[in-house]
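Start at 1 with the first residue, then count along the sequence. Counting convention: from 1, in listed order, for ligands and their atoms alike.
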Amino acid sequence: MGPMTAPTPRRVLLAAPRGYCAGVDRAVIAVEKALEQYGSPVYVRHEIVHNKYVVQTLEKKGAIFVEETAEVPEGSIVMFSAHGVAPTVHQEAAERKLATIDATCPLVTKVHKEAVRFAQQDFDILLIGHEGHEEVIGTSGEAPDHITLVDGPEDVTNVEVRDPSRVVWLSQTTLSVDETMETVGALKEKFPLLVSPPSDDICYATQNRQTAVKQMGADADLVIVVGSKNSSNSVRLVEVALGAGAGDAHLVDFADEIDEAWLEGVSTVGVTSGASVPEVLVDGVLEWLSRRGFEDVEIVKAAEESITFSLPKELRRDLRAEAAELVEGK
Ligand code: SF4
């Protein structure tokens with residue numbers, strides 16, 4: 001830098017709220033408590049939450065992550081992840097004589113119950129969500145004959161229903177609010193009598209994190225979202241940042257994934273994190289930035305959050321004894 005050049009002012013805009021939501025907090029504590037109470041191994045079907053660091057940390061403490069219930073030895077304890085499971089998964093677990101702990105987020109359970117209720121009333125349910133996402137697989141499993149997946153606005157032309165006067169839409173909890181409304185708009189044009197869910201399916205945490213990143217987007221030359229690539233709500237934050245006018249936006253699991261080249265010509269960096277991300281990872285990013293002159297941190301606050309959920313009730317029982325009884329066939 002020549003002597004005549006003034007240093008570029010550098011600052012960080014830090015989104016609030018960011019990071020852990022109530023459902024993730026509950027699920028992670030549930031695994032820790034299960035390990036404390038029942039000892040290792042506790043099996044967990046699928047990543048308890050979609051975050052690499054969280055999964056690695058729990059593995060070190062004795063949790064064993066599996067893809068399918070069939071991989072869990074008979075008579076063991078298995079936990080279901082925050083994303084929820086289809087009823088068939090509960091049946092499989094019962095057949096294998098497993099003691100189960102259900103860490104499904106109560107806000108996902110709410111969508112499951114809506115699906116069951118509308119299916120009982122013989123509605124066709126248009127579930128807006130991402131194909132192959134665990135939550136969508138779980139919700140669809142509640143009423144497979146009634147649910148059709150709609151993966152974004154461009155999918156609407158393909159949707160067919162039995163009776164256009166009995167159609168409702170529901171959604172995955174972690175979608176982009178704006179894109180979902182676009183999909184709903186297109187569905188309403190096609191099915192004017194489309195019924196809306198009784199309350200928002202996109203959860204408060206997803207909405208608040210998107211609102212905060214929208215507020216900072218236009219002022220940021222670069223937005224860094226801390227989160228894993230399989231975390232739906234984290235990926236959405238990158239899209240929302242770009243949509244709100246951020247110069248650039250990237251998703252990183254850890255600070256060491258940040259590329260120095262992203263900082264070229266950048267004076268304002270926005271930082272946020274997905275709902276499955278522990279704060280220690282954000283601290284790592286803030287430290288990384290501060291070592292490069294981004295020491296000035298301003299909070300961009302979009303909402304207050306105070307919601308918490310009580311732990312899964314199964315943690316109050318003696319599951320080792322229950323599993324042993326199941327195996328003995330008592
Ligand atoms: S993102 Fe929302 S639905 Fe998912 S675990 Fe968190 S609070 Fe529950």
Distance-only side-chain donor-acceptor flag, [X] / [Y], under 3.5 Å:
X	Y	result
Arg236	His130	yes
Thr268	Arg11	yes
His50	Glu134	yes

Any ion pair linking Glu279 and Arg18 (charged N to carboxylate O, less than 4.0 Å)?
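Salt bridge: yes.
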Please determine whether a side-chain nitrogen of the Lys or Arg among Glu260 and Arg292 lies less than 4.0 Å from a carboxylate oxygen of the Asp or Glu.
yes
Here atom 2 (Fe) of ligand 1 sees protein N, O or S atoms within less than 2.8 Å, and their number is 1
Partners meeting side chain to side chain contact (heavy atoms under 4.5 Å, CB included) with Pro41 (sequence neighbours left out):
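Side chain to side chain contact (heavy atoms under 4.5 Å, CB included) check on Pro41 returns Tyr43, Ile64, Arg320.
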